[in-house]
Engineer: 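What follows is a single structure, and I will ask about it in a moment.
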Amino acid sequence: MSTETNKKLVAQLFQAIDAGDMAKVQGIYSNDAKFTMAGVPGAMNFNGFMQAAGAFLNAFSQARHVITSQLAEGDRVSTYLEWHAVHTAPFNGVPASNKPVKIKSITNNSVSNGKITEHVAMVDVMALMHQIGAMPLAA
């Protein structure tokens with residue numbers, strides 16, 4: 001597959017997440033896909049990843065991913081994006097603040113045969129915690 005096709009597949013992933021279409025999200029990944037998130041030890045399968053991501057999905061509404069840029073080489077796609085949402089339910093012990101949030105994230109995905117086989121996510125959770133009032137800005 002071309003690098004442009006792979007970039008479109010990753011963009012479709014974020015569109016499906018924003019639409020809440022978890023069946024489509026799962027269909028974008030291979031059955032044996034591996035997932036890694038900063039701050040979460042070890043690789044996960046799809047169910048483990050959805051459990052970790054569920055903390056975000058359950059605590060924030062009106063979520064949308066805005067892709068700022070994508071770079072692709074071979075089977076790898078790196079995506080730099082902003083995540084916009086509203087904090088409407090408890091997150092990590094922090095009660096809903098009803099504040100809008102905007103954080104940056106980078107994902108690296110490997111694609112094979114039209115499916116994502118590896119997903120690595122680096123999310124700026126420190127900025128998120130600051131924006132919902134859980135911690136002061138770092139000095």
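Quick caveat: nothing in here was measured; it's all calculated off a predicted structure.
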Engineer: Is there a donor-acceptor pair closer than 3.5 Å between any side-chain N or O of H87 and the backbone N or O of S97?
Structural biologist: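 Yes, because the side chain of H87 sits within donor-acceptor range (under 3.5 Å) of the backbone of S97.
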Engineer: Okay, side chain of K102, backbone of A85: is any donor-acceptor separation there less than 3.5 Å?
Structural biologist: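 A pair under 3.5 Å: no.
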Engineer: Of all residues at least two apart in sequence or in a different chain, which pass the side chain to side chain contact (heavy atoms under 4.5 Å, CB included) check with A38?
Structural biologist: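 A38: side chain to side chain contact (heavy atoms under 4.5 Å, CB included) contacts with M122.
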Engineer: Please answer: with hydrophobic residues joined when any side-chain heavy atoms are less than 4.5 Å apart, are I67 and L71 in the same cluster?
Structural biologist: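 No, I67 does not connect to L71 through the hydrophobic network.
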Engineer: Would you give the length of the straight line joining atom CG of L13 to atom CG of D21, rounded to the nearest 0.5 angstrom?
Structural biologist: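 Taking CG in L13 and CG in D21, the distance rounds to 11.0 Å.
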Engineer: Let me confirm one number: the CZ-OG distance from F56 to S105, rounded to the nearest 0.5 Å.
Structural biologist: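 OG of S105 is found 9.0 Å from CZ of F56.
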Engineer: Please examine the side chains of D124 and M126, heavy atoms only from C-beta on, and report whether any two atoms are closer than 4.5 Å.
Structural biologist: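 In short, these two side chains touch, coming nearer than 4.5 Å.
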Engineer: How far does OH of Y80 sit from OG1 of T107, to the nearest 0.5 angstrom?
Structural biologist: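 It is 12.0 Å, given to the nearest 0.5 Å.
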Engineer: Are V123 and M129 in one and the same hydrophobic cluster, where Ile, Leu, Val, Met, Phe, Trp and Tyr link if side-chain heavy atoms are under 4.5 Å apart?
Structural biologist: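 Hydrophobic grouping puts V123 with M129.
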Engineer: Going by side-chain hydrogen bond (donor to acceptor under 3.5 Å, both in side chains), name the pairs with one or both residues in residues 61-74, residues two or more places apart or in two chains.
Structural biologist: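 Found D18-H65, S61-T88, Q70-T79.
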Engineer: Would V66 end up clustered with L81 when hydrophobic side chains under 4.5 Å apart are linked, directly or stepwise?
Structural biologist: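 No; L81 is not reachable from V66 via cluster members.
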Engineer: Partners of Q12 by side chain to side chain contact (heavy atoms under 4.5 Å, CB included), sequence neighbours excluded?
Structural biologist: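 If we apply the side chain to side chain contact (heavy atoms under 4.5 Å, CB included) test to Q12, skipping adjacent residues, the hits are L9, Q15, I28.
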Engineer: Should I132 and F60 count as side-chain neighbours, where that means a heavy-atom distance under 4.5 Å?
Structural biologist: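 They are in contact (side-chain heavy atoms under 4.5 Å apart), so the answer is yes.
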Engineer: Taking all non-hydrogen atoms of both residues into account, name the closest pair between A89 and A96 and its distance.
Structural biologist: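 Heavy-atom minimum between the residues: N-CB, 3.4 Å.
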Engineer: Any chance you could measure M22, atom CE, to F46, atom CZ, to the nearest 0.5 Å?
Structural biologist: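 Rounded to the nearest 0.5 Å, the CE-CZ separation comes out at 7.5 Å.
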Engineer: Quick one: which residue pairs count as a side-chain hydrogen bond (donor to acceptor under 3.5 Å, both in side chains) with a foot in residues 28-46, not counting sequence neighbours?
Structural biologist: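 Those involving residues 28-46 are Y29-H119, S30-D32.
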Engineer: Which residues pass the side chain to side chain contact (heavy atoms under 4.5 Å, CB included) test with A55, sequence neighbours left out?
Structural biologist: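 A55 satisfies side chain to side chain contact (heavy atoms under 4.5 Å, CB included) with F91 once adjacent residues are dropped.
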Engineer: Among the clusters formed by ILVMFWY side chains lying less than 4.5 Å apart, do V125 and M37 turn up in the same one?
Structural biologist: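 V125 clusters together with M37.
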Engineer: T117 and V111: which non-hydrogen atoms are nearest, and at how many Å?
Structural biologist: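 Reported closest heavy-atom pair: OG1-N, 4.3 Å.
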Engineer: Got a sec: does the CD of E82 have more than 12 other heavy atoms crowding it under 6.0 Å?
Structural biologist: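 Result for CD/E82: enclosed.
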Engineer: With no hydrogens and no angle check, do the side chains of S110 and D75 hold a donor and an acceptor under 3.5 Å apart?
Structural biologist: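 No donor-acceptor contact under 3.5 Å links the two side chains.
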Engineer: Would you please name every residue forming a salt bridge (Lys or Arg N to Asp or Glu O under 4.0 Å) with K24, sequence neighbours left out?
Structural biologist: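 Listed in chain order: nothing, the list is empty.
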Engineer: Applying the 4.5 Å side-chain criterion to the ILVMFWY set and letting contacts propagate, would I116 and V120 be lumped into a single cluster?
Structural biologist: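 No; V120 is not reachable from I116 via cluster members.
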